[in-house]
Every structure is written in structure tokens, then in C-alpha cells.
Amino acid sequence: MKKLSKVQEKQQALVLAVADKLEAQALEEIPGMLQCWFDMEFHLFPSSLLLCFQFENEQALEAAKPDLLKWQKRLSAAMVKKGVILKDMRKHLVFTINGPDD
């Protein structure tokens with residue numbers, strides 16, 4: 001794997017900090033949530049950022065879906081505080097039962 005540039009390291013640290021914060025909040029507030037993971041392409045950041053909240057089963061996922069918009073807003077607000085604007089917040093956070101390796 002290619003070594004990350006200084007800019008890419010800063011981007012990764014920023015996203016990790018936001019993801020860790022949201023994951024901690026979500027684990028407390030959303031029953032059935034397992035973990036938060038993200039995917040992004042550095043050369044397309046921030047438009048390529050995708051944060052995923054993974055749930056243990058379909059029932060937990062369906063129960064959490066009404067709160068999806070609230071979490072998308074939280075992600076957007078947290079990124080703005082770090083100086084990153086997400087143009088369409090709905091594209092950057094999803095609820096899923098799939099893991100990072102699926």
C-alpha cells in the first residue's frame with residue numbers, strides 16, 4: 001500500500017476523530033448498533049466520504065431507520081466544526097448490516 005501524504009494523513013485523522021465521536025454516541029443511543037466504519041478516496045475527499053453504521057441484524061436496522069436523518073445532520077455538523085463542508089449530507093452516512101469486509 002502506498003504511503004499517505006501529509007495532507008492525506010490529516011484528512012484521515014480528521015475523519016477518524018469524527019467517526020470515533022459519532023460511534024461512541026451511537027453505541028449509547030442506538031440499540032443493536034455494532035460499529036461505525038468509513039470508506040473514502042483521498043483524491044475525492046470530502047465528496048467520497050461514506051460513514052457506515054453497522055447493525056447486528058435487520059430488525060435493529062429497521063428500528064433505527066427513522067433516526068437516520070438525525071445522524072446525517074450530526075455528521076455534517078461535526079465535519080463543519082472541523083472545517084469540512086459536506087454538500088449533500090444524505091450521501092455520506094448510511095445504516096447497514098454489512099461490515100467493512102463485505
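Not measured: the values here are computed from a predicted model.
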*With the side chain counted from C-beta on, respond yes when M89 and L75 share a heavy-atom pair under 4.5 Å apart, and no when they do not.*
no
*asked:* Is there a path of hydrophobic side-chain contacts, each under 4.5 Å between heavy atoms of I/L/V/M/F/W/Y residues, joining L86 to F42?
replied: yes
*Of all the heavy-atom pairs spanning M40 and F45, show the shortest one and how long it is.*
SD-CD1, 3.4 Å
_Testing the basics here: between F55 and L61, what is the closest heavy-atom pair and its distance to 0.1 Å?_
CD1-CD1, 3.8 Å
*Is there side-chain contact between L69 and R90, with heavy atoms separated by less than 4.5 Å?*
yes
*P46 and H92, any side-chain heavy atoms less than 4.5 Å apart*: no
*Given the rule that I, L, V, M, F, W and Y join up when any side-chain heavy atoms are under 4.5 Å apart, are L50 and F95 in one cluster?*
no
_How close do A60 and G32 get, counting heavy atoms only, and between which atoms?_
CB-CA, 3.9 Å
*Enter the distance from K91:NZ to Q72:CD here, rounded to the nearest 0.5 Å.*
12.0 Å
*Separation between OG of S76 and CG of D88, rounded to the nearest 0.5 Å*: 9.5 Å
*Is a side-chain N or O of E41 found less than 3.5 angstrom from the main chain of S48, in a donor-acceptor match?*
no
*Please name the pair of heavy atoms, one in K82 and one in V18, separated by the smallest distance, quoted to 0.1 Å.*
CG-CG2, 3.9 Å
*Out of curiosity, S5 OG to Q11 CD, how far, rounded to the nearest 0.5 Å?*
7.0 Å
*Do the non-hydrogen side-chain atoms of F53 and L22 ever get within less than 4.5 Å of each other?*
yes
*Value rounded to 0.5 Å, distance of CH2 in W37 from CD in E23*: 12.5 Å
*Greater than 12 external heavy atoms within 6.0 Å of K87's NZ*: no
*Mind listing the closest non-hydrogen atom pair of L93 and W71 along with its distance?*
CD1-O, 3.9 Å
*Partner set under side-chain hydrogen bond (donor to acceptor under 3.5 Å, both in side chains) for Q12, not counting sequence neighbours*: none
*Counting only heavy atoms not in L44, do more than 12 fall under 6.0 Å of its CG?*
yes
_Rounded at 0.5 Å granularity, tell me how far CD in E9 sits from CG in L16._
11.5 Å
*asked:* Using 0.5 Å steps for rounding, measure from the CE atom of M79 to the CG atom of L51.
replied: 8.5 Å
*Same cluster for I30 and V94 if Ile/Leu/Val/Met/Phe/Trp/Tyr side chains link at under 4.5 Å?*
no
*Decide yes or no for D67 and E29: does some side-chain heavy atom of the first lie under 4.5 Å from some side-chain heavy atom of the second?*
no
*Are the side chain of D102 and the backbone of G99 linked by a donor-acceptor contact shorter than 3.5 Å?*
yes
_I need the minimum non-hydrogen distance between N98 and T96, along with the two atoms involved._
N-OG1, 3.0 Å
